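The next block holds one structure in the form of structure tokens; read it before the comments.
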Amino acid sequence: MKKIEAIIKPFKLDEVKEALHEVGLQGITVLEAKGFGRQKGHTELYRGAEYVVDFLPKVKIELVVEEDMLERAIEAIQQAAHTGRIGDGKIFILPVENAIRVRTGETGNEAI
């Protein structure tokens with residue numbers, strides 16, 4: 001099993017969710033996040049004063065998939081989240097040792 005963590009632009013969330021559903025994945029966790037990478041934030045004007053917005057709004061998606069679904073899930077996220085502009089996000093893949101469904105006690109692939 002692998003855990004996919006994807007940090008994307010908030011307005012791309014619905015497209016990513018639909019893309020993952022189309023490849024057969026159902027369960028995802030979504031967290032609101034703030035951060036910056038190469039774009040290093042931006043400046044804004046508020047009541048005539050200029051200030052720096054260091055942390056931009058992002059969405060973090062987490063899901064655990066079986067090894068055979070990994071490439072399809074990554075491709076779905078990558079295509080749906082892509083705008084071609086700086087700040088499109090990142091995808092991280094981590095190993096998962098085990099999963100346990102709390103309600104039934106199922107473990108491993110059956111739990112996801």
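A quick note: this is a predicted structure, and the numbers were derived from the prediction, not measured.
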Working to the nearest 0.5 Å, report the span between CD1 of Ile8 and NZ of Lys90. 14.0 Å

Looking at Ile93 and Ile91, what are the two nearest heavy atoms and their distance? CD1-CG2, 4.0 Å

Counting only N and O atoms by type, is there a donor-acceptor contact under 3.5 Å from the side chain of Arg101 to the main-chain atoms of Thr107? no

Output the distance between atom CG (Leu20) and atom CD1 (Ile61), rounded to the nearest 0.5 Å. 6.5 Å

Rounded to the nearest 0.5 Å, what separation is found between the NZ atom of Lys58 and the CG atom of Leu31? 15.0 Å

Do Val65 and Met1 have side-chain heavy atoms sitting under 4.5 Å apart? no

Closest heavy-atom pair and its distance - Val59, Pro10: CG2-CA, 3.5 Å

Rounded to the nearest 0.5 Å, how far does CD1 of Ile112 lie from NZ of Lys2? 12.0 Å

Quick one: does Thr83's side chain get under 4.5 Å of Lys12's, heavy atoms only? yes

Treating Ile, Leu, Val, Met, Phe, Trp and Tyr as nodes and any side-chain heavy-atom pair under 4.5 angstrom as an edge, say whether Leu94 and Ile100 lie in one connected cluster. no

Roughly how far apart are Leu25 CG and Ile77 CD1, rounded to 0.5 Å? 8.5 Å

Note, Lys9 side chain near Asp88 side chain (heavy atom, < 4.5 Å): yes

Glu15/Lys17 salt bridge by N-O under 4.0 Å criterion: no

With clusters defined by side-chain heavy atoms of hydrophobic residues (ILVMFWY) lying less than 4.5 Å apart, directly or transitively, does Ile7 cluster with Leu70? no

Please report the interatomic distance CD1(Ile4) to CG(Leu63), rounded to the nearest 0.5 Å. 4.5 Å

Could you check whether atom CD of Glu62 has more than 12 heavy atoms from other residues, nucleotides or ligands sitting under 6.0 Å from it? yes

Same cluster or not: Ile28 versus Ile74, using hydrophobic residues (I, L, V, M, F, W, Y) connected whenever any side-chain heavy atoms lie under 4.5 Å apart? yes

